[in-house]
There are 2 protein chains.
Amino acid sequence: MSLEYAILVSLQERAGSGYELARRFDKSIGYFWGASHQQIYRSLKRMVELGWVSADEVAQEKRPDKKVYRVSDSGTAELARWLAEPADPPTVRNELSVKIRGASYGEIEQVLAEVRRHRTLHAERRAVYQAIEQRDFPDRTRLSGQPLHQFLVLSGGIRTEQSMVDWCDEVIAALEADAGS
Amino acid sequence: MSLEYAILVSLQERAGSGYELARRFDKSIGYFWGASHQQIYRSLKRMVELGWVSADEVAQEKRPDKKVYRVSDSGTAELARWLAEPADPPTVRNELSVKIRGASYGEIEQVLAEVRRHRTLHAERRAVYQAIEQRDFPDRTRLSGQPLHQFLVLSGGIRTEQSMVDWCDEVIAALEADAGS
DNA sequence: AGCTTCATGTAAACTGTTACATGATTCC
DNA sequence: GGAATCATGTAACAGTTTACATGAAGCT
C-alpha cells in the first residue's frame, strides 16, 4: 500500500497527471520509491475510489487530454494518519549476495564480473544523486522544513549507494586475491 | 524466482527438510534473503516438479516424519547457469524515506520517533551480524573459497546496517535541530 | 520513414503476505 | 496445564512485473 502514500506525498508537493507522476517516479521520487506507469495508473484509480484524490480533466492543444490529480481533504488526513504509524524495515533480499554466497557452485569469474558491473551501476547512481545535491542544496547548513526533509532523503540515497560501492570494492579485492593465490 | 536459487545454495551447503530450511532463513541466510515457511514449502514443491531437488522421506522416533531435500544434478547445473546470469539491482523502495520526505504533512515528532525506532532496529541487527563475524571468522585475513564468500556476504550485511544507523543519526540530529530553532 | 515524447490504460503471470489448519513431544 | 519446538501444508489476498494496446505530435 506504500505506493499510494508516496503518490500522496508527491501530489501534495504539486498536483499532476498520471504521466507526470510516472516521470517523477523515474527521477526525484525514484531514488526512494520506484514505480512503473502501470502501477501508478492503477493506484490513482483506487485512490479516486477511496476519495483520497480528485481528478480534473484538462483539455490541451496539440496534446492528448490529461487528468490532473490533487489531494483531497480526506487524502490529507489519511497521509497524516499513515505518517504517524510505525512500519518495520522491509525483509532483506539481496540477489547479488545469494550469488556471492553460492559462487563456489559456479564460475567465480562470472560472479566477479557481475559484482564489477554492480559496482559501476551503484557508482553511477551515487554520481547522479551527488549532482542533484550540488544543484539543489548548495548551502546545506541552513536547511529547514520541507527542503531539509528532501535533502535528508537524498543523503540517505547517497549513503546507500556509497555503501554498496564500498562493499563491491571489498568483494572484488577479496575474490581477486583468492583467485590469484 | 530468486528464492529457489537461495534454497539451492543452502541445500548445496547441506541437505535438509523444509522446516530446517525455514530455520536457516530465520538466521544465517536471513541476513541476505528473507523467506517464510509458506514460501519455502511452495518453492520446494515447485523445485521437485522441475527436478532440481529430490525428497527422501525420513521416519523419526518421537518426532513427525520429515522430507529431506537434496540438490539433483539438474539442480546443480541450473544453479551454475543462474550464477553466471546478470541481474540488475532491485528497485529502491524505502518506506522510511517516504515518511521523512512527507514529514511536513503530518506530525514531525511522530516521524522522528519512527526514525529513532529504526535506528535501534538497525543497530541491533548490526550487533547480531558482528557477533556472528567474531564467532565464525576470528581470523578473517586467511579466508579462502566458501568461507570467504560467506564472510563477504556477512560483511555486506554489517555495512548495510551501519549505513542505516549512520543515516538515522543524521536524520535525528537534523530534525531535532530544526524543531529546536 | 522512424524515433521520442505525451498520454492512458488492460491482462496475465508471478511473487509475497497473512490467516487458517493439524498434531505430537518436550520443557516449565 | 500451557507454551515452545518440530513438522507440514492450504487458501485468500495483495502487490509487482511484463507484455500488449492505442494514437497523435514533433524532430531528424
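Chain naming here is simple, since letters A, B, ... match the order of the sequence lines and numbering starts at 1 in each.
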Please determine if B/R140 and B/E133 form a salt bridge, counting it only when a charged side-chain N lies under 4.0 Å from a carboxylate O. yes
Could you check whether any side-chain N or O of A/E114 sits under 3.5 Å from a backbone N or O of B/A87, counting only pairs where one atom can act as donor and the other as acceptor? yes
Give a yes or no on whether the backbone of A/A6 and the side-chain of A/S10 come within a donor-acceptor separation of less than 3.5 Å. no
Tightest non-hydrogen contact, residues B/L148 and A/L175, listed as CD2-CD2, 4.4 Å
Salt-bridge present (B/K66, B/E57; N to O < 4.0 Å): no
Residues B/R46 and B/E49 bridged, charged N to O under 4.0 Å: no
Pairs satisfying ring-ring contact (aromatic ring centres under 6.0 Å, His included), at least one member in residues 60-111 of chain A, at least two apart: A/Y5-A/W82
In this structure, would A/F25 and A/W52 fall into the same cluster of hydrophobic residues linked by side-chain contacts under 4.5 Å? yes
Among residues 86-102 of chain B, which ones have heavy-atom contacts with DNA chain D below 4.0 Å? B/T91, B/R93
Set of salt bridge (charged side-chain N to carboxylate O under 4.0 Å, His left out) partners for B/E107, sequence neighbours left out: none
Those residues of residues 12-22 of chain A lying under 4.0 Å from DNA chain D by at least one heavy atom: none
Less than 4.0 angstrom from a charged side-chain N to a carboxylate O is my criterion; do B/E20 and B/R23 meet it? no
Expressed in angstrom and rounded to an integer, what is the separation of B/K66 atom NZ from C/dA24 atom C1'? 16 Å
Which residue pairs pass the ring-ring contact (aromatic ring centres under 6.0 Å, His included) test when at least one of the two sits in residues 126-165 of chain A, sequence neighbours left out? A/Y31-A/Y129, A/F137-A/F151
Dot-bracket assigned to DNA chain C with the 3.5 Å Watson-Crick/G-U criterion, [ ] for crossing and | for other-strand pairs, is ||||||||||||||||||||||||||||
Nucleotide range of DNA chain D lying under 4.0 Å from chain A heavy atoms: D/dG15 to D/dG26
What parts of residues 37-48 of chain A reach DNA chain D, counting only heavy atoms under 4.0 Å away? A/Q38, A/Q39, A/R42, A/R46
For residues 157-181 of chain A, which residue pairs pass the ring-ring contact (aromatic ring centres under 6.0 Å, His included) check, not counting sequence neighbours? none
List for me each residue that meets salt bridge (charged side-chain N to carboxylate O under 4.0 Å, His left out) alongside A/D65, sequence neighbours excluded, and say none if there are none. none
So the salt bridge (Lys or Arg N to Asp or Glu O under 4.0 Å) pairs with at least one residue in residues 67-76 of chain A (sequence neighbours excluded) are A/D56-A/R70
Name all residues meeting the side-chain hydrogen bond (donor to acceptor under 3.5 Å, both in side chains) criterion together with B/Q130; count only those two or more places apart in sequence or in a different chain, and write none if there are none. none
